[in-house]
Amino acid sequence: MYPVPQPGPAPQPQGTAGPPISPVQTPAGTGYPVPPPPARPARFGLVALIVVTALLAAALPVTAGLGWSTIGRLRHQVTTRRDTRNTLADQAAAAAAKQRDDFHSAGFDAKLQHIKDLDKAVDQALTDWHNGTIRYGVLAKAVEDCDDAVDDYDRTAAPFPDSLFGGLPQRINLNNPETDCGRAFVNQI
């Protein structure tokens, strides 16, 4: 058999670099060293963990309350703004529909045809005046009626956007021989 080692004198620390090392304890007759008992956890770490947990537990309801009140206020603002947007959109749609109805009821195609008819009357009056069959007052009245119709058309058409006119003019072109109210013949007077 093998000899069992016997505990001997404890080794002495050399130098002063650190705390003295305790001798390793061995149970009697086994020859194997017994590990030292586990160190107790530091009380500071445990206390700090408990304090942090308590603070978080106390802060959770406060944070949740503030968060829910903020969310409620934001939802109310979103609802209010959505309602305002919908109201404004409804008003804009109603205004656009009213504008289209007003445009169609203004009868711009009939007004344009009336101006063309008055222009033809002015042209005929100019021809008759040159021939001496009518007086100047009749010619002046024909020109005045045509100019009044052009002014009425332009004034009535002014508030409407270009997109509604389609093939109709937004303003009467006084350089067009069909709607110039006799301006092409002014130099002949």
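Values below: every heavy atom of this structure, side chains too, minus hydrogens, waters and symmetry copies. Nothing here was measured: the structure is a model prediction, and the numbers come from that model.
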Using 0.5 Å steps for rounding, measure from the [atom1] atom of [X] to the [atom2] atom of [Y].
X	Y	atom1	atom2	value
Asp90	Arg85	CG	CZ	10.5 Å
Asp83	Leu88	CG	CG	11.0 Å
Cys181	Asp145	SG	CG	9.5 Å
Ile50	Leu55	CD1	CG	12.0 Å
Arg82	Thr84	CZ	OG1	11.0 Å

- Given side chain to side chain contact (heavy atoms under 4.5 Å, CB included), test Asp180 with Asn175 step by step and report yes or no. CA-CA 6 Å; Asp180 68 348; Asn175 294 324; over 6 Å; no

Transitive ILVMFWY side-chain link [X] to [Y], under 4.5 Å:
X	Y	result
Leu118	Val150	no
Tyr136	Ile134	yes
Leu174	Phe165	yes

Could you report the tightest heavy-atom contact between [X] and [Y], atom names first, then the distance?
X	Y	value
Val122	Ala142	CG2-O, 3.2 Å
Ala149	His114	CB-CD2, 4.1 Å
Lys111	Asp152	NZ-OD2, 2.9 Å
Asp123	Gly182	OD1-CA, 4.0 Å
Ala106	Thr156	CB-CG2, 4.1 Å
Asp119	Pro177	OD2-O, 2.8 Å

- Query: Is the closest side-chain heavy-atom distance between Tyr153 and Pro169 below 4.5 Å?
  - Reply: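 Yes, at least one pair of side-chain atoms sits under 4.5 Å.
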
- Query: Does the side chain of Pro159 reach to within under 4.5 Å of the side chain of Gln99, using non-hydrogen atoms?
  - Reply: no

- Heavy-atom donor-acceptor pair, Asn131 side chain to Thr133 backbone, under 3.5 Å: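 No.
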
- Message: I'd like to know if the side chain of Thr179 reaches the main chain of Lys116, judged simply by a donor and an acceptor atom lying under 3.5 Å from each other, with no hydrogens or angles considered.
- Response: no

- Message: With a 4.0 Å cut-off on N to O distance, would you call Arg135 and Asp128 a salt bridge?
- Response: no

- Item | Whether Phe103 and Phe160 hold their rings parallel, tilted or perpendicular, with breakpoints at 30° and 60° | perpendicular

- What's the verdict on salt bridge (Lys or Arg N to Asp or Glu O under 4.0 Å) for Asp147 and Arg183, showing C-alpha distance, side-chain angles and the deciding distance? CA-CA 10 Å; Asp147 283 341; Arg183 284 175 175 73; 3.0 Å; yes

- Message: Can a side-chain donor-acceptor contact be found between Asp109 and Gln113 if the only test is distance below 3.5 angstrom?
- Response: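 No - no donor-acceptor pair under 3.5 Å links their side chains.
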
